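Remember, it's a predicted structure, so these values are computed and weren't measured experimentally. Heavy-atom basis, side chains included; hydrogens, waters and symmetry copies ignored.
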Protein chains: 2
Amino acid sequence: MDALLQQLSANGYKITPQRRLILEMLRENRHASAEDICAMLKQKEPNISLGTVYRNLALLMRLRIVTAVDFRDGRARYELNDSHHHHLVCMRCGKLVEFPGCDLKNVLGDAAEKVNFRVIDHSLEVFGYCGKCCGCSP
Amino acid sequence: MDALLQQLSANGYKITPQRRLILEMLRENRHASAEDICAMLKQKEPNISLGTVYRNLALLMRLRIVTAVDFRDGRARYELNDSHHHHLVCMRCGKLVEFPGCDLKNVLGDAAEKVNFRVIDHSLEVFGYCGKCCGCSP
DNA sequence: ATTGATGCAAAGGGTTTGCAGAGTC
DNA sequence: GACTCTGCAAACCCTTTGCATCAAT
């Protein structure tokens, strides 16, 4: 059985077709919104509801299987918590570039220790203008 | 006249008591929500409306005088764009710690150049547990 | 006098929730 | 069979917007 599904059932949660599909699609699509996810899943599960998607995303976040990202456009995006990376977001056209790797973890851990804080997670989003949108006038 | 107010009028915007007050209070309070701001200003300007606060925050963000911060609690917080710093947020009690300084700017600029991206801004929030909330059970 | 800003209240949009029925274990 | 999960729809909350009025320049 899939490792992530196993994690669900190990925590006492049931494995439903909806959960299966949500994880499946998160593996293929990064930074999809809840509505994106729901729309895409309707192909395979026509009656799936947005409420279910939100409830399961919340569950997956509690289990740290999924992370939410904020691109400052009013809707959250969701990603599997597998590869640590960050995002460049174009402030004009919304274009997105990922950049992988991140050596912040250690830096942050050290800085946080000084103020008696245990770091679990961090989010870094970089905003600017992509090549096409030069960014000459705000 | 105040430098920030001057920036408003230089850009063709009028200097109103509401704007004066919003800037005044942003100088004293960091990471206040729109509602916080509105509530506090009602002491001096009893009829000020939430709509006005939002409209002016949007304006101030367009002028890059103000920045919005996302603490993952569903409401935006606003800060003057004066000193660059980041936040530690306790995932249990919501406690907030600022940590100043940030050498990301150069790092990001370099990384971004490689993908032909002009960096304007970035946001980094760190989530975890503060001393009191140990963080033993999620 | 002109033009932009405010207050009010209603609309908007993403997210959450209550409930009855269906599905998993 | 017990208990959770789902779908539906309504409720929620933050934020935005339209409009008539008011104020800054």
Inset, instruction - Please tell me which of the listed nucleotides, dG7(C), dC25(C), dG4(C), lies nearest to the side chain of K14(B)? - result: dG4(C)
Inset, instruction - Compare every heavy atom of Y129(B) with every heavy atom of M91(B), then report the nearest pair and how far apart it is. - result: CB-CE2, 3.9 Å
Legend entry - Electrostatic pair R72(A)-D121(B), nearest N-O below 4.0 angstrom: yes
Inset, instruction - Can you run down the ring pair (Phe, Tyr, Trp, His ring centres under 6.0 Å) pairs that involve residues 37-68 of chain A, sequence neighbours left out, and say none if there aren't any? - result: none
Inset, instruction - Report the hydrophobic cluster partners of F99(A), with the cluster defined as I, L, V, M, F, W, Y residues connected by side-chain heavy atoms closer than 4.5 angstrom, directly or transitively. - result: L88(A), V97(A), L104(A), L108(A), V115(A), F117(A), V119(A), L124(A), V126(A), L88(B), V97(B), F99(B), L104(B), L108(B), V115(B), F117(B), V119(B), L124(B), V126(B)
Inset, instruction - Determine, using the 4.5 Å side-chain heavy-atom cutoff (strictly less than), whether I120(B) and L96(A) are members of one ILVMFWY cluster. - result: yes
Legend entry - DNA chain C-proximal residues of residues 68-76 of chain A, any heavy atom under 4.0 Å: G74(A), R75(A), A76(A)
Inset, instruction - Could you identify which residues of residues 34-58 of chain B place a heavy atom less than 4.0 Å from some atom of DNA chain D, listed by residue number, or say none? - result: E35(B), L50(B), G51(B), Y54(B), R55(B)
Inset, instruction - Give me the first and last nucleotide of DNA chain D, going 5' to 3', that has any atom under 4.0 Å from a heavy atom of chain A. - result: dC3(D) to dC8(D)
Inset, instruction - Nearest whole angstrom, please: distance from the C1' of dG4(C) to the CG of N11(B). - result: 14 Å
Legend entry - Residues R118(B) and E113(B) bridged, charged N to O under 4.0 Å: no
Inset, instruction - Verify the contact: side-chain N or O of Q18(B) to OP1 or OP2 of dG7(C), cut-off strictly under 4.0 Å; return yes or no. - result: yes
Inset, instruction - Return the orientation label for the H122(A) and H86(A) ring planes: parallel under 30°, perpendicular over 60°, tilted otherwise. - result: tilted
Inset, instruction - Send over the distance from L21(A) CG to dT24(C) P, rounded to a whole Å. - result: 12 Å
Inset, instruction - Could you check how far CZ of R19(A) sits from C1' of dG23(C), rounded to whole Å? - result: 11 Å
Legend entry - Salt-bridge criterion met for D2(A) and R27(A) (N-O under 4.0 Å): yes
Legend entry - Nearest-0.5 Å distance, CG of residue L21(A) to OG1 of residue T52(A): 11.5 Å
Inset, instruction - Dump the intermediate steps for ring pair (Phe, Tyr, Trp, His ring centres under 6.0 Å) on F71(A) and H87(A), then the final yes or no. - result: CA-CA 9 Å; F71(A) 292 159; H87(A) 304 92; 5.1 Å; yes
Legend entry - Pairing residues for R75(A) by the side-chain hydrogen bond (donor to acceptor under 3.5 Å, both in side chains) criterion, not counting sequence neighbours: none
